[in-house]
Amino acid sequence: MYWNPQQAFYTSAESGTNQRQTRYYTEDLLHNNIGKELTIHLTYEENPRWNAKVLTGTL
């Protein structure tokens, strides 16, 4: 999903501002780390086959 501020939907002005700030922080975090190695830890509750999984790759 790509972020388009013109098509943003917010339930209220207060939560909209908070969501927008969070979105910009996340985008900046991802943008500043492009090309870097990353490790993602996933956990699945009550799953005997895959209760935890680790993924590594380049952003």
Side-chain angles (χ1 to χ4, degrees):
M1 181 170 119
Y2 293 99
W3 174 246
N4 185 350
Q6 295 173 349
Q7 296 177 353
F9 172 76
Y10 301 115
T11 56
S12 70
E14 185 176 318
S15 68
T17 302
N18 189 26
Q19 287 177 354
R20 192 175 321 126
Q21 289 172 346
T22 301
R23 177 65 95 175
Y24 290 147
Y25 173 78
T26 305
E27 287 181 355
D28 288 344
L29 184 67
L30 291 172
H31 180 72
N32 291 335
N33 289 296
I34 291 176
K36 293 185 181 177
E37 191 77 19
L38 64 114
T39 302
I40 300 171
H41 297 267
L42 304 170
T43 57
Y44 303 93
E45 294 180 12
E46 300 179 21
N47 188 338
R49 188 168 173 202
W50 300 310
N51 73 353
K53 199 168 201 171
V54 178
L55 303 172
T56 58
T58 305
L59 181 61

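All figures in this text were calculated on a predicted structure; none of them were measured in a lab. Along the sequence shown, residues are numbered consecutively beginning with 1.
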In the single-linkage hydrophobic clustering (I, L, V, M, F, W, Y; side-chain heavy atoms under 4.5 Å), do Leu30 and Tyr24 co-cluster?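 Leu30 and Tyr24: separate clusters.
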Using atom types as modelled, flag every donor-acceptor pair under 3.5 Å from a side chain in residues 48-59 to any protein atom, sequence neighbours excluded.
from	atom 1	to	atom 2	distance (Å)
Thr58	OG1	Glu37	OE1	3.4

Could you grab the distance from atom CG of Leu42 to atom CD1 of Ile40, nearest 0.5 Å is fine?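 Interatomic distance, Leu42 CG to Ile40 CD1, rounded to 0.5 Å: 6.5 Å.
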Do the non-hydrogen side-chain atoms of His41 and Thr39 ever get within less than 4.5 Å of each other?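 Yes, their side chains come closer than 4.5 Å.
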